[in-house]
*Asks:* 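Sending over a structure as C-alpha cells; questions will come in a sec.
If you're wondering where the values come from, they're calculated on a predicted model, not measured in any experiment. Throughout, a chain's letter reflects where its sequence line sits, starting with A, and its residues are numbered from 1.
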Amino acid sequence: DGGITQSPKYLFRKEGQNVTLSCEQNLNHDAMYWYRQDPGQGLRLIYYSQIVNDFQKGDIAEGYSVSREKKESFPLTVTSAQKNPTAFYLCASALNRNEQFFGPGTRLTVL
Amino acid sequence: KNEVEQSPQNLTAQEGEFITINCSYSVGISALHWLQQHPGGGIVSLFMLSSGKKKHGRLIATINIQEKHSSLHITASHPRDSAVYICAVPQTHLVTDKLIFGTGTRLQVFP
C-alpha cells in the first residue's frame, strides 16, 4: 500500500532537547512538506522540498531543520531554539503541483 | 499573499441534514483544496478544483472564481461525517504548490 508514514504518533521530550520527527513516503512523490498545527490556527508551513538534496524555508522555519538525502524521507528536527515546540506536526507529499497527501501526524509535547 | 476565511467555525447538525461550509480567499488562484481532518488528526484530501463543481459520493464542492468563493456541501449527513473540514489555496496567484490553510470548520453530526 502506498502512503505516508510518520512516527511516532505521540512524542514527549524535555525542554532543551532536540527531537527528530520521521516522515517516509513510498508514493514516488518529488515534493514533501512539513506543517505545524496549533489549536484554532490553520496549518502553517515549516519547510518544504521539491527535489532530493534541496529544501526551502516555509513561513515558520525558525527553530527547525530538515534534510532530504533520499526521495522517500524528509525528517524534521525540532531544535532547542524553537520557543514553543508543543504542537501537532503533519508531513505531506505531492507529485508536481497536484494535491498533497498527508501523513497521520505526530503530536509533540515538550515538558 | 492570500488570506483564507472559512465559515462557520463550528457546525452542529442532525443526521440527514444538508450541510454547507464556505471558504473565501483574497487572491486569484489556480486551484482550491478541500481537506478533511478526523479526530485522530490525520488529513485526507477531498477535492482539488479550479472551476465549476465536483462530486464524490455525498460530497459536492463548488467554486466561483470571480467571487473568490468555494462551498463544500454534504448531503444526507451522517455521524461519520463529523470532522474538521479545511479549505486551502496557493499563497499567490502564481501556480505554486505552497498552500495556505483556513482555520477549519468543525462539524458534528448527531444521530
*Asks:* Going hydrophobic residue to hydrophobic residue with side-chain gaps under 4.5 angstrom, can you get from A:Tyr64 over to B:Phe101?
*Replies:*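 Hydrophobic grouping puts A:Tyr64 apart from B:Phe101.
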*Asks:* Can you get from A:Trp34 to A:Phe101 by hopping between Ile, Leu, Val, Met, Phe, Trp and Tyr side chains that sit under 4.5 Å apart?
*Replies:*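 No: no chain of side-chain contacts under 4.5 Å links A:Trp34 to A:Phe101.
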*Asks:* Kindly check if the number of other-residue, nucleotide or ligand heavy atoms within 6.0 Å of CD (B:Gln9) is above 12?
*Replies:* no
*Asks:* Go through the atoms of B:Gln6 and report whether side chain, backbone, both or neither lie under 4.5 Å from a heavy atom of chain A.
*Replies:*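 No part of B:Gln6 comes within 4.5 Å of chain A.
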*Asks:* Test question: given the 4.5 Å side-chain rule for I, L, V, M, F, W and Y, name all other residues clustered with A:Tyr10, or answer none.
*Replies:* A:Phe12, A:Leu111
*Asks:* Using heavy atoms and a sub-4.5 Å threshold, report which of residues 36-47 of chain A line up against chain B, by residue number.
*Replies:*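 Only A:Gln37, A:Gly40, A:Gln41, A:Gly42, A:Leu43, A:Leu45 of residues 36-47 of chain A have a heavy atom under 4.5 Å from chain B.
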*Asks:* Using non-hydrogen atoms only, which part of B:Ile43 is less than 4.5 Å away from chain A: side chain, backbone, both, or neither?
*Replies:*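 Contact with chain A involves both backbone and side-chain atoms of B:Ile43.
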*Asks:* Would you say B:Ile60 and B:Tyr85 are hydrophobically clustered, going by side-chain heavy atoms of ILVMFWY under 4.5 Å?
*Replies:*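 Not linked; separate clusters.
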*Asks:* Of all residues at least two apart in sequence or in a different chain, which pass the side chain to side chain contact (heavy atoms under 4.5 Å, CB included) check with A:Glu15?
*Replies:*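 Only A:Val110 meet the side chain to side chain contact (heavy atoms under 4.5 Å, CB included) criterion with A:Glu15.
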*Asks:* Indicate the atoms forming the closest heavy-atom contact of B:Gly40 with A:Lys9, along with that distance.
*Replies:*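 So the two residues come closest at O-NZ, 3.6 Å.
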*Asks:* Quick check: under 4.5 Å, non-hydrogen atoms only, which of residues 72-81 of chain A neighbour chain B?
*Replies:*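 Counting heavy atoms that sit under 4.5 Å from chain B, no residue of residues 72-81 of chain A is involved.
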*Asks:* Less than 4.5 Å apart, side chain to side chain, heavy atoms only: is that true for A:Tyr33 and B:Leu99?
*Replies:*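 The answer is no, as the side chains (C-beta and beyond) never meet within the 4.5 Å cut-off.
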*Asks:* Answer yes if A:Ile4 and A:Tyr89 sit in the same cluster of Ile, Leu, Val, Met, Phe, Trp and Tyr residues linked by side chain heavy atoms under 4.5 Å apart, and no otherwise.
*Replies:*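 No, no single cluster joins them.
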*Asks:* Counting only heavy atoms from other residues, nucleotides and ligands, does the tally under 6.0 Å from CD1 of B:Ile65 exceed 12?
*Replies:* yes
*Asks:* Hey, quick one: are B:Ile74 and B:Leu11 part of the same hydrophobic cluster, counting side-chain heavy atoms closer than 4.5 Å, chains of contacts allowed?
*Replies:* yes
